[in-house]
> 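Got a structure here, written out as structure tokens. Questions coming.
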Amino acid sequence: PDTHKHRGSLLDTWDPFQLNPIGAEKEEKRRCFELFQHLVAAFVGIMVLSSAVISKGSLLVLSTLSSPTSTRTSKERQYYMLMLVGCLVMPNLLVFLKSLWKCAFKNFVPPNMRTMGIVCGIECLVSLGTSILVLVVMPQFDVLTNLFISGGVCMLSSVLQIVFRLQRENWKIIFPICSLMLVLTGYFLLGADYYVRVTSYVSGQENDCYWYIGIAVFASFLVSLNWWENPVQASNNMHEMLAELDTFRDFVFVISSLLRIVVIAAVYLIYHVLIQENIVWSDFDFTPKADEDESTIARHKETLDIGLTVLFLQAFFSAACHWFGVVACKIHSVRMSFAFPVCFTGPAVLILGMILFLTQSQYLAEADTTSIIDFCSSLVDLSTKNTSTVVMLELTKSICRTSLSSHYWTWPFSLLALEGICMWLGLITCTYYVWNFKVQRIERTTELFVRRLYESAFIDLSLLLNTKMKVVSVVDDVENCVIYLCATMWHETYDEMLKILTSMFRLDRYRGDPKEEHKDVFDFECHIFVDDAFMIDKETDCQLVFTNKEPDDVSIIETPYGGRLMFVMPEGNMLYFHLKDKQLIRNKKRWSQIMYLYYLLGWKGYIVKNPQKITRQNNPCRASLISLDGESFLLPQHDNDSKRKHISDDNTYIMALDGDTDFHPAALILLVDRLRKYSNVGAACGRIHPTGMGPMVWYQKFEYAVGHWLQKTAEHVFGSVLCSPGCFSLFRGSALMDDNVLKRYTTTATRASEYVQYDQGEDRWLCTLLLQQGWRVEYNAASDAYTNSPQEFKEFYNQRRRWGPSTLANTLDLLHSGNETVKRNSSISRLYIFYQIFTVSSSILGPASVSLMIAGAFQFVFKIEGTLSIIISVIPPIFYLLICFLAKPNAQITIAAIMSVLYAFLMLASFFAIIGDMAMQGTFITPTGLFLISMAAMYLVTAILHPQEFSMIIYGLMYFICIPSGYLLLTIYSLVNMHIVTWGTRETNKEKEQKKTQNVLCDRNCKLCCWDMKLQVTQETDNLMLQQLQQAVNPNTQVTQQVVHEQKPNTKEVKNNAPNEENNEEISPELLDRKRAKKDLEYDTSAYSSIEDDNDDNHDDDDDNMLYDGSLYSGFTEEEREFVPQSDWVQPVKEEFLKKLTYANMKRNLQEQIRYTLRNKNQEDVCEELVMMLTDTVNGELKDKVGPEDVLSDSQLEELQYALNEAARRILKTNRMERLERRVKRAIEKTLIAPQVEKLTEDEHDFWKKLLERYLAPIVDDKAHKEEVTRELKSLRNKAVFLYFIINVLWIVATFFLQAIGNDVISIKIQKVWPNGTSSGEYLKVEPLSLMFLLSFAVLLVVQFLAMLYHRWEDEEGMILENQIANGLVITSDDL
């Protein structure tokens, strides 16, 4: 494309206008989003408070109804007591199921029996205390005492806080001391209150109440053991002792939850059966008896309804309160949505009870009395009447048992009130740290709360006491880490390259902006590896990305693999371009990854640990140093290397990127937090969003959304993610450096299966190696990245032709090593291996499942019999299978496109036919209707749970009608063309180059996103071989070369004349010998990079020769395959960057540099004054001396720098801003510095030579090996197609015979129900055709949907509402 539009401002003074890159606009906080944050926080807080009130109130109701002093019958009291037991059992049952789930899907360390015995013993004591307090003590007390007495369970926590001195500030020890004193005072007031009740003859009070008070104190102490880990784990002395428990905590919970249930049942049976002897087992039979009247039956039914309703309310809202409490912490709304509602649950229940008592009491008494004693006595007569609400009556009677009905008037009631205040204040002072609770950006539930188990009987106290103490010691600073952003480029366009550079400059601005308070401690470097940077081509696109001002610090370095450009970004971070010459190093993505992994982890990791090996470089002219806060330092790359000395490999991260990836700093930081938080995570990936326009992109948008919503979340929940995509993934350095990972990743494919597994999906294979070595790969749903997706049908099919076989090959490899992987990897269990087997089976049966779905569409739309519809549905796939074996790939894709359109019409007709059938039937309870509605509802719920991506649901219909194309035709195409192992996308299908003139020795292009140079070398003789022979005979003969530098932007040719000795180059005999030795070699970047693209219609070769076309330089003769010394590209590149020193460009760069240096708000005035005065200085010094496009000489630069420094000093002194002088001088120096040509150190040069020799030398395959690989690939293709074909045929044949047997023999009957809920008396049948489809498709979808629900429940990233990333970031073309 014509790229002059991208770079006009660089070359012409009359075109100063700029085009900012997409996505570079200023990021500002969205007010609607802020409002939504506050609304969600308020909603969560209300839900926490309301659910806690309902949970606590429900328990008080059950304890009141089961009280011996209640007016209920003995049978009813027994039933309510059983419901109370159910309330205690329910949370233990939930914990048992969840822990059993984790033990099944996660590997765990066998428990230490001593530790497990201690923990189980403590759990039994806690369960004993809870059972005694709830089942024995609370029924003996009134409802207000029961509300207050639970506050005493914080006793042990207060004592341990005092003992371990857990407070950061010493004076805060007063909080646990006050808490302990308040609780003891509360118990004293409790005893005094009951003494007054007994002595004043309050109704229903017996002398044995003192025993129950003592038992209550003892039981509360036992309950307080429940949270012993919280203060203990907060102590630095005890922290390591509990680390062992975390390794097998899930298994401990499985055992302890069962033991707790046993203890609860034992307390219930011992007390009520053996001691009280008030349990009559026959009374639990509530079935109507013949001798019972209607009123008794109605009363029993009312008792059942009340008990089950209150049990459900208590169990459900206890779990809901716990979940909403976790959500409140994860959305970083601890005070508003967690601490405040939980702390005020007790007062809220009391206020609500008092309101009900005052407003409803008048409806309970028959006489209008003003005395509380008379009112309470009047309630006795209502016990046998059904005219009043049972629950309200019993609660009112329980309140009348307090000191309110004392004959000493109401002053004794103050004792009970003071008791409640003391207990509540004791709880608040004990858990004071919750109000200052700090939540990290990523926190799992196990890191927010000490225990997974919550106590439903004391839900508010449980949440407060279970919250981890994080104020006990100074929070450790976040460990510093280094991130290497490594992007690989392969034939990217200008716009695509602009995306990755915009993202990198965006990160540079975020990380270095002095206005931001950075809690994210990390250093980073950007590395871009450009394949085919030196192109042998007739035409090469010119890509210049630095669109507004040229980079300040540039180094041009010759390397053994090609070249390197080194830039310093505006904030001081480093950006490297590694230019790969495919004549010297293997190209394509996997080899680029190996290149940067060995360089960054191997070489750099070695030199920073061995500083004596670092060669000192004295380069005074390159001391152009970056100044951030008035401090200057040497070049950042040396600074970064020295910093890494103190950073371990565990905190060294590699960010793998594609050349067209677009991301924000927030996305990267979330992945960094994930790896920082969990040491067993070797890689983490984010949510990938495809970009582009057109139907193919619409299909992929929904496909990617469903793949991440369901498939990736299921893998994350059940075990580990299998593939971390190479376009946006963060890898841990120590994981990549582990045994059998990076070393095996360097394996060169030699067999057919290796070509498919290694080179077609390198990111999936790397993750497979990590999983097999024991590392976990995770998915972060909140980390968003955007990348280009295929927009054409042909490109899409070729991409998936590469992905499909690679995915299957790597999954089968993981399953094959399943036993070893399970032993080595704690995230992968045998159950997860079974899940993957089921997933692979469903994938293999995909064509058959789609064929059955199409058969159902034929049957439904055209009213064809089931057996005939199956036969018709398999004809098109068989036809397309034959086409794929006989036709060229392009013809295959064309036919697939036509068939996809026809299938889409059929699916659309089927969709509307199902809707019409439901309308005709008058109900949606039909087999097809149920399936359609359930699938739509499932996807709709999934989209609702991902609100920021809800718009993806609109592409669902496109996805639905394209299912036959994506799961049937594409599978066939991928399998039949498995032997074609070209990349599939971004391939260049240019015409073969022909020899233009006989005097052309070499025609080369140097291409990068910042320059494009064409280099032609000619010679005077007509025959190269003749000249080489002459040179060999007479070494003193000089070979004259004519070098033509053709720069496309201005299409200027600079020709060096032969008579000028300065422009003549001598080729030494050694150089000619080196060329002669290389001339006979056929270089190949890799086996797959030399594969001919079968998708080119111009290729008329036989199909057997489709794999290899020999040398990369097809179309060039042996004479044209000469090599130009690498130094020939350096000078033209330097000249390209020297354009920054032209009069016009330098003036603009100086203005931008000053504005950027003084960008703080309090420096705006002096900044503009400096810009104006320094511009005038430049004009005064250069206006009449140089032209606008002339490059300044060294002497002119020195004079100009001196003049600018003096002018800046005067202006700053006038404005009393001398402290900025160093920064301004540094900005001037950066503007005037020229690009430098540097050499690699001897050590690094030796490293690259050895790396190339050992792993990255271009592959040279002889003809016999290529033919052998061709045969192996075709053989593998035939085996795979046969296996797929047989399995799918067997599935379809089984369905055919089941359909032929008849619907009456094998079918599922569904009762037809009208929309109003009434039964029609008819039955609808699910035929074998539909049943087999459901078994192969719907079951997996339901399993993944349940995993998604669990993931959203436990997702710690998806619920982050607080904007952790600083706002106000902007990237414009100034930064590029």
> What is the minimum heavy-atom distance between Arg732 and Tyr678, and which atoms define it?
NH2-O, 2.8 Å
> Ignoring hydrogens and geometry, is there a side-chain-to-backbone donor-acceptor pair from Asn680 to Arg776 under 3.5 Å?
no
> Are any of the side-chain heavy atoms of Trp775 and Asn825 separated by less than 4.5 Å?
no
> Compute whether any side-chain donor of one residue and acceptor of the other, for Arg687 and Asn780, lie under 3.5 angstrom apart.
no
> State, to 0.1 Å, how close Met155 and Ser220 come at their nearest heavy-atom pair, and which atoms those are.
CE-C, 4.0 Å
> For the residue pair Phe718 and Trp101, does the interplanar ring angle fall in the parallel (under 30°), tilted (30 to 60°) or perpendicular (over 60°) class?
tilted
> Is the shortest heavy-atom distance from the side chain of Tyr268 to the side chain of Leu82 under 4.5 Å?
yes
> What pair of heavy atoms forms the shortest contact from Val263 to Cys124, and how long is it?
CG1-O, 4.0 Å
> Provide the closest heavy-atom pair for Gly86 versus Leu311 in the form atom of the first, atom of the second, distance.
C-CD1, 3.8 Å
> Can you measure from OG (Ser127) to CD1 (Ile132) and round to the nearest 0.5 angstrom?
9.5 Å
> Give me the atom names and distance for the closest heavy-atom approach of Arg260 to Asn226.
NH1-OD1, 4.1 Å
> Parallel, tilted or perpendicular: which one describes the rings of Phe340 and Phe344, with boundaries at 30° and 60°?
tilted
> Considering only heavy atoms from C-beta outward, does the side chain of Tyr454 approach that of Asn466 to under 4.5 Å?
no
> Specify whether Tyr779 and His708 have parallel, tilted or perpendicular ring planes, treating 30° as the upper limit for parallel and 60° as the lower limit for perpendicular.
tilted
> Could you tell me whether a side-chain N or O of Ser729 sits under 3.5 Å from a main-chain N or O of Cys685, the two making a donor and an acceptor?
no
> For residues Val153 and Trp227, determine if any side-chain heavy atom of one lies less than 4.5 Å from a side-chain heavy atom of the other.
yes
> Would you give the length of the straight line joining atom OG of Ser462 to atom CZ of Phe449, rounded to the nearest 0.5 angstrom?
8.5 Å
> Before accepting this row, confirm whether a basic side-chain N of the pair Glu229/Arg249 lies closer than 4.0 Å to the acidic partner's carboxylate O.
yes
> Say whether Gln772 and Asn740, considering side chains only, have a donor N or O and an acceptor N or O under 3.5 Å apart.
no
> So, Ser456 versus Ser318: side-chain donor-acceptor pair below 3.5 Å or not?
no
> Output the distance between atom OG (Ser157) and atom CG (Leu180), rounded to the nearest 0.5 Å.
10.5 Å
> Got a sec: does the OH of Tyr271 have more than 12 other heavy atoms crowding it under 6.0 Å?
yes
> Looking at Ser337 and Pro341, what are the two nearest heavy atoms and their distance?
O-CG, 3.3 Å
> So, Ser158 and Ser179: side-chain donor and acceptor under 3.5 Å apart, yes or no?
yes
> For Leu722, does its backbone N or O pair with a side-chain atom of Glu715 as donor and acceptor, under 3.5 Å?
yes
